[in-house]
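FYI, the numbering just counts along the sequence from 1. In what follows, every heavy atom counts, from backbone to side chain, and hydrogens, waters and symmetry copies are set aside.
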Amino acid sequence: MPETTERMEIDSVCTYCGVGCDIVGVVEDNRIVKIYADKEGVVSQGKLCIKGKYGYDFVASKDRIRTPRVSRRFLERHPELAERYAAKLKPLNEAWVQTDLETATDLAAAKLTEVRSTYGSHAFAAIGGARTSCESAYAFQKFCRETMGSPHVDNCARVCHSPSLKGMRATIGEGAATNPYNDIYEAEFMIVIGSNTLEAHPIIANRIVDMARTQNNLAVIDVRRTKLAKQAKYDCIIPFEANLLILNMMAYVILDEELYDKEFVANRTKNFEEYRDSILKDPYADPAFFQQIEGYEYLAKMIPNIAREYAVKRSMIFWGLGITEHLDGSYAVMAITHLALLTGNIGKPGAGLMPLRGQNNVQGACDMGCLPYYAPDYQPPKEVGLMTPQLIDAMNDGKIKALLNMGEDIAHIHPNLNKIDRALEQLDFLMVQELFMTEIAQRADIVIGVKSAYEKTGVYVNAMRRLHLSQPLVQSDLPDDWEVLTLLARKLGDGENFAFSSSEEVWDEVRRVAPERFSGAAYYRLQRHRKRGMQWPIYHEDTPILHLLDFRTEDGLGRFVYHPWQKRGMVEDILEGRFYRQSLEGYYLTTGRTLAHYNNAAQTLRSDKLRTRHEEDLLWAHPDEEERFGERVVLRSSYGESEALAVRYSDAIRPRTLYATFHHARSRINALFGDESDELILTARFKSVQVEVIPVGEAWAGS
């Protein structure tokens with residue numbers, strides 16, 4: 001008789017987006033064979049998107065980094081290290097040798113010691129941390145700040161929701177979602193702006209769709225018709241770079257028609273009169289302005305209708321990177337919170353603010369202090385460091401000599417790729433902790449393979465501040481990220497400060513260092529509440545809804561901080577008669593995800609059921625362009641150009657605008673974007689760039 005295969009079902013949390021779905025992993029012989037939604041899970045509600053359901057093959061992929069790698073280039077530059085550790089270095093291929101963890105961290109410690117002693121502690125920087133657990137994110141920033149003595153730590157929030165943090169803290173004192181997802185069922189009206197929710201956050205979108213179909217209470221505001229807009233009462237397609245314009249117009253209507261909550265404004269806010277006077281005098285805040293914007297005249301009536309419904313009903317606003325990845329992203333977030341403050345749509349069930357986070361633990365990484373201007377718990381750091389775009393400049397200037405990168409492929413998902421390539425070439429030392437040989441890993445001197453989320457214990461914080469204590473689905477002898485950092489810190493003479501022997505010990509330090517949010521979140525409590533999770537701040541109880549009585553500002557009051565929209569971009573082009581023209585130049589491009597893939601696709605490409613759904617990045621254009629564009633085009637901006645992209649045509653795309661996905665590194669979509677960024681927080685202007693379209697035909701398909 002054959003032996004019976006051991007089959008286990010283990011509760012955990014999905015490794016992909018910031019929704020944080022509850023999953024059950026079915027495991028046989030230490031291999032994941034199936035994942036399904038936890039029927040009792042508060043987040044997933046018994047449903048998963050295709051990434052959560054099928055995107056687990058990466059765990060057992062043959063090209064996982066199983067042993068640390070050292071580049072031959074590094075050894076050639078350091079013959080003394082190559083000779084000292086020769087017995088521990090085994091050939092792998094033409095570019096790499098492999099070794100053990102002790103040797104890899106010995107080499108890294110030797111090089112980091114040299115950089116620090118030669119150039120000073122500020123010549124070191126650390127970027128990453130949002131794809132791993134809170135324990136590892138905490139250890140990451142601690143290693144940078146305390147072991148290496150550098151303030152230069154940042155994470156992928158720099159290219160996504162840093163403006164949400166900035167804008168919300170400026171107005172209501174806290175940069176996180178105010179309500180749990182299930183409050184969608186309590187809302188009487190919903191606005192989704194700058195979010196392709198059905199593809200980027202499907203399990204949240206399910207709730208929105210359920211309500212929209214029965215209550216007809218949804219407005220979708222975007223530069224193209226997303227799939228969610230099919231369920232909307234108001235399908236509000238706006239010009240590029242007009243978010244702040246639209247939001248200020250909504251506030252204008254609410255003020256002009258006196259639809260605001262006078263009692264709430266009087267008791268819980270300040271600076272209202274100055275804000276009101278500024279906006280009512282702003283010539284661009286009156287929706288009638290759109291009567292002169294060719295192709296968008298309908299917005300003069302639609303915007304007031306959306307504003308009225310939002311003001312008189314219990315309402316929620318959801319937003320994504322279509323808000324934050326702009327020149328005025330932080331100001332647009334402030335304008336969103338202004339709407340909530342004006343109408344009292346905050347601090348109550350079914351009314352609030354929901355920034356839709358992208359990475360599975362980007363909320364947690366920010367909470368842990370992986371930002372140059374915040375220590376854990378959003379406390380001021382001893383010294384403010386540089387943000388990622390500034391770090392790239394510092395690398396090019398020779399001021400940053402060593403970079404530690406943990407789970408963030410800056411050579412693929414960040415802007416101005418040509419500039420980043422040059423910057424990485426200037427480094428004396430680059431160490432990467434990763435699952436696969438991503439674009440950034442291929443450029444590294446030392447690469448250490450680490451556990452994935454499905455192989456370790458750790459806390460993850462989703463987009464609604466919910467802590468989930470994840471447990472491993474399969475066992476792995478790879479190190480966790482925090483274990484690599486602990487080993488490295490000890491070799492750099494900081495062992496007493498890194499006396500961690502388990503993830504729980506790291507977390508217990510987090511609870512002491514970040515008590516405002518996590519003091520009551522002991523492992524045993526998170527285990528007990530794994531099904532529902534716990535939302536920070538957690539003391540004796542957790543806090544599902546923020547701002548019930550006070551805002552998290554010094555005086556407890558919400559603040560109005562008005563910023564007018566500046567005439568520019570597509571609206572200015574239309575007004576001056578240069579937008580609608582017969583030219584292959586001057587198209588406005590935006591980018592976004594597709595349902596099947598996740599960011600740089602390092603994990604999703606390893607699952608055939610996902611890879612085959614989207615094997616290359618696609619460009620979408622209006623049907624009127626088909627005769628001129630053909631089947632494939634190259635896009636060119638002033639910063640660089642893409643590879644040849646297959647073109648699809650849809651009337652969901654407005655004339656002379658374009659939309660592309662960015663998951664495949666070979667497409668080099670992000671080479672098109674430059675240094676333009678949010679003026680307060682340097683988040684890249686990913687959602688708007690002018691490009692020239694170069695038809696190239698099918699001959700370029702394999703380029």
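Counting only N and O atoms by type, the side chains of Gln535 and Asp542 include no donor and acceptor under 3.5 Å apart. For the 3.5 Å distance criterion, the side chains of His161 and Gln363 fail to qualify, holding no donor opposite an acceptor. In this structure, a donor-acceptor pair under 3.5 Å is absent between the side chains of Lys39 and Ser44. Defined by atom type and a distance below 3.5 Å, a donor-acceptor pair is missing between the side-chain atoms of Thr683 and Glu325. Side-chain contact of Glu483 with Thr486: a donor-acceptor pair under 3.5 Å is absent, judged by distance alone.
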- Message: Between Thr105 and Ile448, does the side-chain contact (heavy atoms from CB on, under 4.5 Å) criterion hold? Intermediate values first, please.
- Response: CA-CA 9 Å; Thr105 50; Ile448 297 179; 4.2 Å; yes
- Task: Evaluate the criterion side-chain contact (heavy atoms from CB on, under 4.5 Å) for residue pair Leu467 and Tyr460; output intermediate values, then yes/no.
- Result: CA-CA 6 Å; Leu467 278 67; Tyr460 294 84; over 6 Å; no
- Task: Evaluate side-chain contact (heavy atoms from CB on, under 4.5 Å) for Cys21 paired with Lys47, printing each intermediate quantity in order.
- Result: CA-CA 9 Å; Cys21 287; Lys47 301 175 183 177; over 6 Å; no
- Please report the C-alpha distance between Asp477 and Arg66 in whole Å, then the side-chain angles of each, then the deciding distance to 0.1 Å, and finally whether the salt bridge (charged side-chain N to carboxylate O under 4.0 Å, His left out) criterion is met. CA-CA 9 Å; Asp477 58 3; Arg66 301 290 178 185; over 6 Å; no
- Task: Output, in order, the C-alpha distance, side-chain angles, deciding distance and verdict of side-chain contact (heavy atoms from CB on, under 4.5 Å) for Cys134 and Asn361.
- Result: CA-CA 7 Å; Cys134 285; Asn361 199 38; 3.6 Å; yes
- Verdict with supporting geometry, Ser607 and Lys51, side chain to side chain donor-acceptor pair (under 3.5 Å): CA-CA 9 Å; Ser607 295; Lys51 291 187 291 293; over 6 Å; no
- Test salt bridge (charged side-chain N to carboxylate O under 4.0 Å, His left out) applied to Lys451 and Asp480, step by step: CA-CA 5 Å; Lys451 284 185 169 86; Asp480 200 342; over 6 Å; no
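Applying the salt bridge (Lys or Arg N to Asp or Glu O under 4.0 Å) criterion to Asp377, with sequence neighbours excluded, gives Arg517. For Asp445, the side-chain hydrogen bond (donor to acceptor under 3.5 Å, both in side chains) partners at least two apart in sequence or on another chain are Arg77. By the side chain to side chain contact (heavy atoms under 4.5 Å, CB included) test, Ser12 is found to be paired with Ile23, Ser470, Leu473, residues two or more places apart in sequence or in another chain being considered. Lys531 meets the side-chain hydrogen bond (donor to acceptor under 3.5 Å, both in side chains) test with Asp11, Asp38; sequence neighbours excluded. Scored by the salt bridge (Lys or Arg N to Asp or Glu O under 4.0 Å) test, Asp367 finds no partners at all (sequence neighbours excluded). Partners of Thr113 by side-chain hydrogen bond (donor to acceptor under 3.5 Å, both in side chains), not counting sequence neighbours: none found. Residues that satisfy the salt bridge (Lys or Arg N to Asp or Glu O under 4.0 Å) test with Asp63, not counting sequence neighbours, are Arg606. Judged as a side-chain hydrogen bond (donor to acceptor under 3.5 Å, both in side chains), and not counting sequence neighbours, His201 has no contacts. Legend: residues meeting salt bridge (Lys or Arg N to Asp or Glu O under 4.0 Å) with Lys142, ordered by chain and number and at least two apart, are Glu509.
Screening residues 491-508 for salt bridge (charged side-chain N to carboxylate O under 4.0 Å, His left out), with sequence neighbours left out, gives Glu102-Lys491, Asp106-Lys491, Asp508-Arg511. For residues 357-378, the ring pair (Phe, Tyr, Trp, His ring centres under 6.0 Å) pairs, not counting sequence neighbours, are Tyr374-Tyr378.
Pro479 has its side chain within reach of Leu101: a pair of non-hydrogen atoms, C-beta onward, lies under 4.5 Å apart. Between Ile35 and Lys53, every side-chain heavy-atom pair lies at or beyond the 4.5 Å cut-off. A 4.5 Å side-chain heavy-atom check between Gln475 and Glu455 finds every atom pair outside the cut-off. A heavy-atom distance below 4.5 Å is found between the side chains of Met431 and Phe429. Between Ile32 and Val26, every side-chain heavy-atom pair lies at or beyond the 4.5 Å cut-off. For the pair Leu485/Gln433, a side-chain contact is recorded, criterion being any heavy-atom separation below 4.5 Å from C-beta on. Looking at Val153 and Leu371, their side chains never come closer than 4.5 Å, going by heavy atoms from C-beta outward. Taking the side chain as every heavy atom from C-beta outward, Leu404 and Cys144 never approach each other to under 4.5 Å.
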Donor-acceptor list for residues 84-94 side chains, cut-off 3.5 Å, not counting sequence neighbours:
from	atom 1	to	atom 2	distance (Å)
Lys90	NZ	Ala87	O	3.4
Asn93	OD1	Ala95	N	2.9
Asn93	OD1	Trp96	N	2.8

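The environment of CD in Glu40 is sparse: at most 12 heavy-atom neighbours from other residues, nucleotides or ligands sit within 6.0 Å. The environment of Lys111 atom NZ is dense: over 12 non-hydrogen atoms of other residues, nucleotides or ligands sit within 6.0 angstrom. Annotation for Gln527: atom CD counts as buried by contact number, over 12 foreign heavy atoms lying within 6.0 Å.
Using a 4.0 Å cut-off between a side-chain N of Lys or Arg and a carboxylate O of Asp or Glu, Arg668 and Glu643 do not qualify as a salt bridge. Between Glu76 and Arg73 there is no salt bridge, since none of the side-chain N atoms of the basic residue sits less than 4.0 Å from a carboxylate O of the acidic one. Using a 4.0 Å cut-off between charged side-chain N and carboxylate O, Glu439 and Arg443 make a salt bridge. A salt bridge between Arg532 and Asp22 is absent, with no side-chain N of the basic residue lying under 4.0 Å from a carboxylate O of the acidic one. Between Glu434 and Arg131 there is no salt bridge, since no side-chain nitrogen of the basic residue lies less than 4.0 Å from a carboxylate oxygen of the acidic one.
Each of Trp507, Tyr539, Tyr523 was evaluated against Phe518; a single residue qualifies, Trp507, per the ring pair (Phe, Tyr, Trp, His ring centres under 6.0 Å) test.
The aromatic ring centroids of Phe140 and Trp482 lie 6.0 Å or more from each other. Between Phe686 and Phe662, the distance separating the two ring centers is not shorter than 6.0 angstrom.
The CG atom of Leu386 sits 5.0 Å away from atom CG of Leu391, with the distance rounded to the nearest 0.5 Å. Rounding to the nearest 0.5 Å places CD1 of Ile203 at 9.0 Å from SG of Cys14. The distance from atom CZ of Arg465 to atom CD1 of Ile538, rounded to the nearest 0.5 Å, is 9.5 Å. Atom CE of residue Met354 and atom OG of residue Ser195 lie 11.5 Å apart, to the nearest 0.5 angstrom. Note that CD1 of Ile413 and CD of Glu408 are 5.0 Å apart. Values are rounded to the nearest 0.5 Å. To the nearest 0.5 angstrom, Leu198 atom CG is 11.0 Å from Cys49 atom SG.
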